[in-house]
Amino acid sequence: MKILVLNGVNLNMFGKRDPNHYGQATLSDIEKELNSLAKDLGVELECFQTNVEGILCEKIHQAHDTHIDGVMINAGAWTHYSYAIRDALAILKCPVVEIHMSNVHARESFRHTSVFSSIVVGQICGFGKDSYLLGLRATYQCIKATP
Ligand code: DQA
């Protein structure tokens with residue numbers, strides 16, 4: 001089973017961004033924890049981050065053209081307005097799970113909308129770095145439950 005973890009704009013700055021929303025962990029700390037959980041679950045993990053919207057779209061196209069069983073995505077601010085990323089994700093046949101560190105629904109109103117919500121299996125937000133670990137478990141269960 002192979003799962004792709006996608007991180008979008010500004011998420012390489014975790015550890016330096018507002019700790020009240022994003023905690024102290026860096027993206028690299030989070031990826032280490034994800035890799036350790038993936039090992040326990042017997043899952044192959046690929047982690048990818050970019051600050052360039054078109055590059056994220058191309059990575060999603062590649063996920064379509066290669067063997068990926070599931071995708072987890074924290075697109076950062078793109079979540080709230082990128083129809084380009086939404087359309088790229090909609091091409092995928094595999095389950096997509098949306099992740100956020102912070103509880104986007106308890107923040108500014110522009111964060112309450114996700115343009116991905118109608119095409120993802122579900123959204124996990126508000127648990128800090130544990131959103132990623134819960135997201136990996138959710139993606140894994142979702143793939144296993146698909147006949
Ligand atoms: C975020 C929430 C987004 O609203 C914000 O733009 C981010 C991070 C999160 O993980 O909580 O960059 O996706």
Side-chain angles (χ1 to χ4, degrees), residues 1-80 82 84-107 111 114-147:
M1 188 191 290
K2 183 163 181 188
I3 296 179
L4 177 63
V5 182
L6 296 174
N7 278 289
V9 64
N10 296 320
L11 305 189
N12 57 311
M13 299 305 279
F14 281 149
K16 296 174 188 157
R17 294 181 72 183
D18 183 348
N20 293 326
H21 290 304
Y22 305 120
Q24 312 278 356
T26 64
L27 189 56
S28 152
D29 295 335
I30 294 168
E31 287 176 352
K32 269 188 208 127
E33 288 197 37
L34 278 173
N35 276 313
S36 158
L37 176 59
K39 208 169 159 201
D40 291 348
L41 296 172
V43 167
E44 190 188 335
L45 210 65
E46 182 185 345
C47 297
F48 180 83
Q49 188 275 332
T50 180
N51 293 310
V52 181
E53 190 179 14
I55 290 179
L56 188 58
C57 289
E58 285 178 353
K59 189 70 187 173
I60 296 165
H61 301 165
Q62 271 173 29
H64 175 269
D65 294 342
T66 56
H67 180 81
I68 297 287
D69 297 293
V71 170
M72 287 166 55
I73 183 164
N74 183 351
W78 287 329
T79 308
H80 312 303
S82 176
I85 294 170
R86 187 246 178 243
D87 283 354
L89 291 172
I91 299 167
L92 297 176
K93 308 272 185 300
C94 66
V96 178
V97 173
E98 180 182 335
I99 306 296
H100 299 284
M101 293 266 256
S102 63
N103 178 359
V104 284
H105 304 288
R107 299 182 62 192
R111 296 184 205 276
S114 163
V115 297
F116 310 151
S117 50
S118 62
I119 53 152
V120 295
V121 179
Q123 182 198 64
I124 298 174
C125 71
F127 298 98
K129 66 184 170 61
D130 288 340
S131 290
Y132 282 89
L133 300 170
L134 292 165
L136 179 54
R137 288 186 187 278
T139 311
Y140 172 80
Q141 291 298 342
C142 191
I143 295 164
K144 279 204 13 176
T146 310

With rounding to the nearest 0.5 angstrom, report the [atom1] to [atom2] distance, [X] to [Y].
X	Y	atom1	atom2	answer
L89	C94	CG	SG	9.0 Å
I124	N103	CD1	CG	13.0 Å
T66	K2	OG1	NZ	6.0 Å
E98	I119	CD	CD1	9.0 Å
L6	C47	CG	SG	9.0 Å
K144	L41	NZ	CG	8.5 Å

Exercise for review: Would you name the heavy atoms of P95 and V121 that are closest together and state the gap between them?
Suggested key: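 So the two residues come closest at CB-CG2, 3.6 Å.
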Closest non-hydrogen contact found for I60 with A88 is CG2-O, 3.4 Å
Taking the side chain as everything from C-beta on, heavy atoms only, tell me whether L45 gets closer than 4.5 Å to V5.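 Sidechains of V5 and L45: in contact.
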**Asked** Are C125 and M101 side-chain neighbours, meaning at least one heavy-atom pair lies under 4.5 Å?
**Response** no
I'd like a table of donor-acceptor pairs (distance under 3.5 Å, sequence neighbours excluded) in which one partner is a side-chain atom from residues 49-59, with atom names and distances.
unit_1	atom_1	unit_2	atom_2	d
Q49	NE2	G8	O	3.1
Q49	NE2	N12	OD1	3.4
Q49	NE2	N51	OD1	3.1
T50	OG1	V52	N	3.0
N51	OD1	N10	N	2.9
N51	ND2	N12	OD1	3.4
E53	OE2	S82	OG	2.5
K59	NZ	E46	OE2	2.6

Tell me which donor-acceptor pairs under 3.5 Å the side chains of residues 127-141 have, and how far apart each pair is, sequence neighbours excluded?
unit_1	atom_1	unit_2	atom_2	d
K129	NZ	E33	OE2	2.9
S131	OG	H100	O	2.8
S131	OG	F127	N	3.1
S131	OG	G128	O	3.3
Y132	OH	N7	OD1	2.6
Y132	OH	N74	ND2	3.0
T139	OG1	G135	O	2.6

(Q) Quick test of your reading: applying salt bridge (Lys or Arg N to Asp or Glu O under 4.0 Å), list the pairs with at least one residue in residues 8-26, sequence neighbours left out, ordered by first then second residue. (A)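 Counting only pairs at least two positions apart or across chains, no salt bridge (Lys or Arg N to Asp or Glu O under 4.0 Å) contact touches residues 8-26.
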The complete set of ring pair (Phe, Tyr, Trp, His ring centres under 6.0 Å) pairs with one or both residues in residues 33-76, sequence neighbours excluded, reads none
Item checked: Selection residues 5-28 - residue pairs positive for ring pair (Phe, Tyr, Trp, His ring centres under 6.0 Å), sequence neighbours left out ->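 Output for this query lists F14-Y22.
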Sorted by chain and number, sequence neighbours left out, side chain to side chain contact (heavy atoms under 4.5 Å, CB included) with S28 holds for T26, K32
So, using side chain to side chain contact (heavy atoms under 4.5 Å, CB included) as the criterion, who are the partners of A75 when residues are at least two apart?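 Only I73, W78, T79, F116 meet the side chain to side chain contact (heavy atoms under 4.5 Å, CB included) criterion with A75.
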Those residues at least two apart in sequence (or on a different chain) that pass side-chain hydrogen bond (donor to acceptor under 3.5 Å, both in side chains) with H105 are Q123
Across all chains, not counting sequence neighbours, the salt bridge (charged side-chain N to carboxylate O under 4.0 Å, His left out) partners of R111 are E108
